[in-house]
Amino acid sequence: MRVATLLLLRHGRTTANADGGLAGRQPVELDETGRAQATAVGERLRAVPLTAVVTSPLIRCRQTLELALPEASPVVDDGLIECGYGSWEGQPLKKLAKEPLWPVVQQHPSAAVFPGGEAMAQMATRAVAAVRAWDARLSAEHGPEAVWLACSHGDVIKAIVADALGVHLDLFQRIVVDPASVTAIRYTPLRPFLVRLNDVGGDLASLVPPPGRRRRRARRPADSDAAVGGGAGASR
């Protein structure tokens with residue numbers, strides 16, 4: 001079974017993150033901490049041969065990739081753009097927490113529609129569609145050795161993770177995705193596997209499939225099966 005590995009990279013910390021504001025689709029940039037985070041995650045990604053790099057069009061994601069993967073040529077995909085928060089954008093989170101919509105966003109996000117903006121369910125649908133389309137294409141073209149990266153935003157990545165776990169969008173607020181963190185997913189014909197979540201400091205080399213995996217996997221129809229008991233983990 002030919003399945004690629006998707007690495008989801010959240011952009012580094014921004015000036016809005018540092019100030020406690022909701023950036024949304026505004027052109028906020030990385031702050032000093034965010035730039036350092038992007039450089040550090042680039043060192044971790046150096047051991048991973050990336051077949052493709054895809055990004056949200058927003059500048060904070062493009063800045064992250066410029067620092068982390070300066071030799072890459074990212075492809076912009078609008079499906080990975082931040083949720084459209086409408087009139088909420090640019091406002092302090094402390095102020096937004098007093099809005100009647102806030103409890104809906106926290107407890108029933110699938111019903112949340114931001115004033116003048118996007119529904120959270122709509123964001124989740126287009127983001128999941130984007131990464132699944134890219135993954136299917138890259139798996140078909142490059143096989144199981146393919147590892148590719150998508151740089152996006154916190155809520156977008158959380159929605160993709162919720163889909164991979166098979167949980168309702170209303171539970172996605174239980175997921176944490178920090179700035180410059182790496183999350184890894186493998187989509188198989190039967191189910192996705194969440195390989196890493198919110199990894200901010202681990203060795204990423206173990207995500208590279210071992211040599212010869214394509215030949216071995218061609219004889220394993222149960223590639224989508226979970227390891228009962230947890231398995232032995234990745235070889236180091």
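A quick note: this is a predicted structure, and the numbers were derived from the prediction, not measured. As a basis for the values below, the full set of heavy atoms in this structure was taken, side chains included, without hydrogen atoms, waters or symmetry mates.
For the atom pair OG of S152 and CD of E82, the computed distance is 7.0 Å after rounding to the nearest 0.5 Å. To the nearest 0.5 Å, atom CD of residue E71 and atom CG of residue L50 are 11.5 Å apart. Put simply, CD on Q107 and CD on Q173 are 10.0 Å apart, with the number rounded to the nearest 0.5 Å. A distance of 11.5 Å separates NZ in K158 from OG1 in T183, rounded to the nearest 0.5 Å. Distance check: R137 CZ to W148 CH2 gives 10.0 Å after rounding to the nearest 0.5 Å. With values rounded to the nearest 0.5 angstrom, D163 atom CG is found 8.0 Å from I185 atom CD1.
Minimum interatomic distance between A159 and V128 (heavy atoms only, all atoms of both residues): O-CG2, 4.1 Å. Minimum interatomic distance between G79 and R126 (heavy atoms only, all atoms of both residues): O-NH1, 2.9 Å. Of all the heavy atoms in A130 and L80, the pair that sits closest is CB-CD2, 4.5 Å. Residue M123 comes nearest to C83 through the heavy atom pair CG-CB, 3.9 Å, listed as atom of the first residue, atom of the second, then distance. D199 and R44 make their closest contact through OD1-NH2, 2.8 Å (heavy atoms, listed as atom of the first residue, atom of the second, distance). Nearest heavy-atom pair, S56 versus I81, reported as atom, atom and distance to 0.1 Å: OG-CA, 3.6 Å.
Side-chain heavy atoms closer than 4.5 Å link hydrophobic residues (I, L, V, M, F, W, Y) into clusters, and following such links, even through other members, never connects L58 to V76. One hydrophobic cluster, built from ILVMFWY side chains closer than 4.5 Å, cannot hold both L45 and V200; they sit in different ones. Hydrophobic clustering keeps I157 apart from V176 (ILVMFWY residues linked when any side-chain heavy atoms are closer than 4.5 Å, directly or through intermediates). In the hydrophobic clustering of ILVMFWY residues, with side-chain heavy atoms under 4.5 Å counting as a link, L30 and L69 come out apart. Taking hydrophobic clusters as Ile, Leu, Val, Met, Phe, Trp and Tyr residues chained together by side-chain heavy-atom distances below 4.5 Å, L171 shares a cluster with I160.
Side-chain N or O atoms of S181 include none that pairs as donor or acceptor with a backbone N or O of V177 at under 3.5 Å. For Q122 (side chain) and V113 (main-chain N/O), no donor-acceptor pair under 3.5 Å exists by modelled atom type.
Ring geometry for W88 versus W102: interplanar angle under 30°, hence parallel rather than tilted (30 to 60°).
When side chains are defined from C-beta on, F193 does not count as touching T5, because their heavy atoms never get closer than 4.5 Å. Between M120 and F172 the shortest side-chain heavy-atom distance falls below 4.5 Å. Side-chain contact between L204 and R196 is present, with heavy atoms from C-beta onward closer than 4.5 Å. Using a 4.5 Å heavy-atom threshold, the side chains of F114 and V105 count as touching. With a 4.5 Å cut-off on side-chain heavy atoms, L9 and L7 do not count as touching. Residues L149 and V48 form no side-chain contact, since every pair of their non-hydrogen atoms from C-beta on lies 4.5 Å or further apart. By the 4.5 Å heavy-atom criterion applied to side chains, I59 and R62 are counted as neighbours. With contacts defined as side-chain heavy-atom distances shorter than 4.5 Å, the pair L67/Q37 does not qualify.
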V53 vs L65, side-chain contact (heavy atoms from CB on, under 4.5 Å): CA-CA, chis, key distance, verdict: CA-CA 9 Å; V53 177; L65 292 176; 3.8 Å; yes
Verdict with reasoning, V75 to W134, per side-chain contact (heavy atoms from CB on, under 4.5 Å): CA-CA 11 Å; V75 178; W134 273 102; 3.9 Å; yes
Worked check of side-chain contact (heavy atoms from CB on, under 4.5 Å) between V167 and R174: CA-CA 11 Å; V167 302; R174 302 183 182 194; over 6 Å; no
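No salt bridge links R132 with D135; every basic N to acidic carboxylate O contact stays at or beyond 4.0 Å.
Among residue pairs with one or both ends in residues 13-34, those qualifying as salt bridge (charged side-chain N to carboxylate O under 4.0 Å, His left out) are R13-D31, R25-E118; sequence neighbours excluded.
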